[in-house]
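Here the structure is laid out as structure tokens; the discussion comes afterwards.
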Amino acid sequence: MLDRKFIVENAEAVKVNCRNRGVVADLDKLLEIESQRRAKLNQVQELNRKANEVAKSIGQTKDAGERESRKEQGRQLREEKDRCQADHDRLDQEAHVLQCAIPNMTHPDAPIGSGDHANVEVRRGRHPVRTFDFKPQDHVAIGERLDLFDLEGGSRTTGHGFYFLRNEAVLLELALQRYVLGILVGDGFTITTTPDLAQDRILHGIGFMPRGPETQVYSIENSDLSLVGTAEITLGGLYSGQTLEDSELPLKIAGVSHCFRTEAGAHGRATRGIYRVHQFTKVEMFAYTLPEQSDTMHQYLCELECRIFDGLEIPYRVIDTATGDLGGPAYRKFDLEAWMPGRGEAGEWGEVTSTSNCTDYQSRRLDTRFRTKGEKGTRFVHTLNGTAVAITRAIIAILENYQQADGSVIIPEALRPWVGKDRITPKLAGG
RNA sequence: GGAGAGGUGGCAGAGCGGUCUAUUGCACUGGUCUUGAAAACCAGAGUCGGGGAAACCCGACCCAGGGUUCGAAUCCCUGCCUCUCCGCCA
């Protein structure tokens, strides 16, 4: 969320930003409520001051009658204060709801607009799109032929959108994790495995909406817990309420977790196979930085994602996401879209990773601050997140790009140490 | 799961209804002294919010949330967390 004082002082810029992002927010109402709240706050503080004064004087008063009359005065002041406080709290709550609906400000270089045409391709991966001398198949057909997924089994036990990985696909999942973790450790990340559940207030802070008809996540009944849609939630919540030292920033953490998403309202061609599923494994990168470091860190995370896919020798392009497609917390977002030759009529780009700079939007709600030595007070850290690897999407990219005319799939060299073979071939019938 | 102990400033650790504006020590910052440093001495110092050009003033904060009271770090209730012991378990 944005700072309330900032909103009041920059109302016009905030309005323009909402318009660019296609967000409807009642800013005028917020400004009105906020000014009422300020007035109430002053009343509360004044009444408190008076009541404190009275309470203090009673201890020093010897005369019994005088004490009684002061007590009565104190009682009345506190009662009046409580009424004002209740008014204030109600206004504060109202303002908070409106405030939460306002998206982050936007990086000046982010393209303005919405839809695919507005997004800008900023670079391509090192490996060009491969040309096939046969009609490439999609991952569903490849997986079926090589016995790599059981979609029906997932559907039977759990429901549509769930799956079993089988055979080499399991090894691929583990190999991908091991491959990126090696890179991340080498780059100074602290690697972690995270809880797959988090408290609703943490989900809120990150920008998710647990519970309610619009929710993107699954919630646990009779608790304040939800399954995480990404480790961004737990990694971002990790220092909630904490004050870090400026000397320990930037902090680079990676987390391996399962991701659970309801994907409410997402249907169509792209739901085929394991492209859009309700559960998958992901290695997520997260960074806490000083405000002046976040732009550089964002570029770095994007380059790291590129390095990971270049290392897998998969063609991709990088997209600078336009304002209309940015989620609420993001100040700027880059997506990596891998070439998926089996998709659509003649192949399509499909999102495989994404990295966002959320500036202080999340840290303000989660109350994650930093202290600068020699400086008074604290400031909010900047938070950034990026996908190191989302297993299912990466598997799709591998299978479709590495498929061979004979029906086999070559294992990317970078993964062979952990898969233990260089090619997936059809299983022998009856084997 | 059972029993017990405890959560107070960066850390250690007092306070048990109004002299708390939270004692004290260590660490920290500035100053005096010194060629420099150490020691000693003096002073200062938290966070959030409100007001102010500023000096500064005001409110809130002793794990969290409720309650009692004119007044709560202190008393009562609930929750969370930590530690010790026992049981159980991968």
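Everything numeric here is computed off the predicted structure, so don't read it as measured data. Note on naming: letters A, B, ... go to the chains in the order of the sequence lines (proteins, then strands), and numbering restarts at 1 for each one.
Atom P of nucleotide B/G51 and atom CG of A/Asn48 are separated by 17 Å, given to the nearest angstrom. As a whole-Å value, the separation of A/Asp367 CG from B/A64 P is 13 Å. Counting to the nearest Å, the C1' atom of B/U69 and the CD atom of A/Glu79 are 13 Å from each other.
In this structure B/G6 sits in a base pair with B/C81, meeting the Watson-Crick or G-U test at under 3.5 Å. Summarising the base pairing, B/A27 is matched to no nucleotide, lacking a Watson-Crick or G-U wobble pair whose two defining distances lie under 3.5 Å. Base pairing analysis places B/C61 opposite B/G46; the two distances defining the Watson-Crick or G-U wobble pair are each below 3.5 Å. Shown here, B/C33 forms no base pair; nothing in the strands shown gives a Watson-Crick or G-U wobble contact with both key distances under 3.5 Å. In this structure B/C88 sits in no base pair that meets the Watson-Crick or G-U test at under 3.5 Å. Pairing for B/G17 is absent, judged as Watson-Crick or G-U wobble with the two contacts each under 3.5 Å. Pairing of B/U69, defined by two Watson-Crick or G-U wobble distances under 3.5 Å, is not identified with any nucleotide.
Among the protein residues, A/Lys5 comes within range of the sugar-phosphate backbone only, with heavy atoms under 4.0 Å from sugar or phosphate atoms but none that close to a base. Within 4.0 Å of A/Arg49, counting heavy atoms only, lie sugar-phosphate atoms of the nucleic acid but no base atom. Nucleic acid contact for A/Lys50: none, since no nucleic acid atom lies under 4.0 Å from a heavy atom of the residue.
Looking only at distances, no side-chain donor or acceptor of A/His278 sits under 3.5 Å from a matching main-chain atom of A/Phe162. Side chain of A/Ser226 to main chain of A/Asp200: no donor-acceptor pair is present (N/O by atom type, distance under 3.5 Å, no hydrogens or angles).
Side-chain polar atoms of A/Thr262 and A/Gln216 form no donor-acceptor pair below 3.5 angstrom. If you check the side chains of A/Lys252 and A/Thr190, you find no donor sitting under 3.5 Å from an acceptor.
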Check the interface with nucleotides 55-57 of chain B: list each N/O to N/O pair with the protein under 3.5 Å, or write none.
none

Enumerate all atom pairs, one protein N or O and one N or O from nucleotides 18-22 of chain B, separated by less than 3.5 Å.
| unit_1 | atom_1 | unit_2 | atom_2 | d |
| --- | --- | --- | --- | --- |
| B/G18 | N2 | A/Ala55 | O | 2.6 |

Under 3.5 Å, which N/O atoms of the protein pair with N/O atoms of nucleotides 72-78 of chain B?
none

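For the side chain to side chain donor-acceptor pair (under 3.5 Å) test, no residue two or more places apart in sequence or in another chain qualifies with A/Arg416. Every residue two or more places apart in sequence or in another chain was checked for a side chain to side chain donor-acceptor pair (under 3.5 Å) with A/Ser257, and none qualifies. Scanning for side chain to side chain donor-acceptor pair (under 3.5 Å) contacts around A/Lys29 gives an empty result, with sequence neighbours left out. Scored by the salt bridge (charged side-chain N to carboxylate O under 4.0 Å, His left out) test, A/Lys81 finds no partners at all (sequence neighbours excluded). With sequence neighbours excluded, the residues forming a salt bridge (charged side-chain N to carboxylate O under 4.0 Å, His left out) with A/Glu66 are A/Arg70, listed by chain and number.
The ring pair (Phe, Tyr, Trp, His ring centres under 6.0 Å) contacts involving residues 202-247 of chain A comprise A/Tyr239-A/Tyr288, where partners must be two or more places apart or lie in separate chains. Applying the ring pair (Phe, Tyr, Trp, His ring centres under 6.0 Å) test to every pair with at least one member in residues 359-392 of chain A, sequence neighbours left out, gives no pairs at all.
Distance check on atom P: B/G10 versus B/G6 gives 24 Å, rounded to whole Å. Spacing between B/C86 and B/A14 at atom C1', rounded to whole Å, works out to 34 Å. With C1' as the reference atom, B/C20 and B/U8 are 13 Å apart, rounded to whole Å.
Under 4.0 Å is where a charged nitrogen must lie from a carboxylate oxygen, and between A/Asp367 and A/Arg365 no such pair does.
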Check your understanding: For A/Phe280 and A/His258, what are the C-alpha separation, side-chain angles and deciding distance, and is it a ring-ring contact (aromatic ring centres under 6.0 Å, His included)?
Key -> CA-CA 6 Å; A/Phe280 59 98; A/His258 291 115; 9.5 Å; no

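If you check residues 233-249 of chain A against RNA chain B, you find no residue with a heavy atom closer than 4.0 Å.
The nearest heavy atom of RNA chain B to A/Arg371 and to A/Asn52 marks one nucleotide each, and the one closer to the 5' end goes with A/Arg371.
Between A/Leu399 and A/Ile142, the shortest heavy-atom distance links the atoms O-CD1, 3.4 Å.
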Run the side-chain donor-acceptor check on residues 13-20 of chain A: report pairs under 3.5 Å with partners two or more places apart or on a different chain.
| unit_1 | atom_1 | unit_2 | atom_2 | d |
| --- | --- | --- | --- | --- |
| A/Lys15 | NZ | A/Asp28 | OD1 | 3.1 |
| A/Asn17 | OD1 | A/Thr106 | OG1 | 2.6 |
| A/Asn17 | ND2 | A/Asn104 | O | 2.8 |

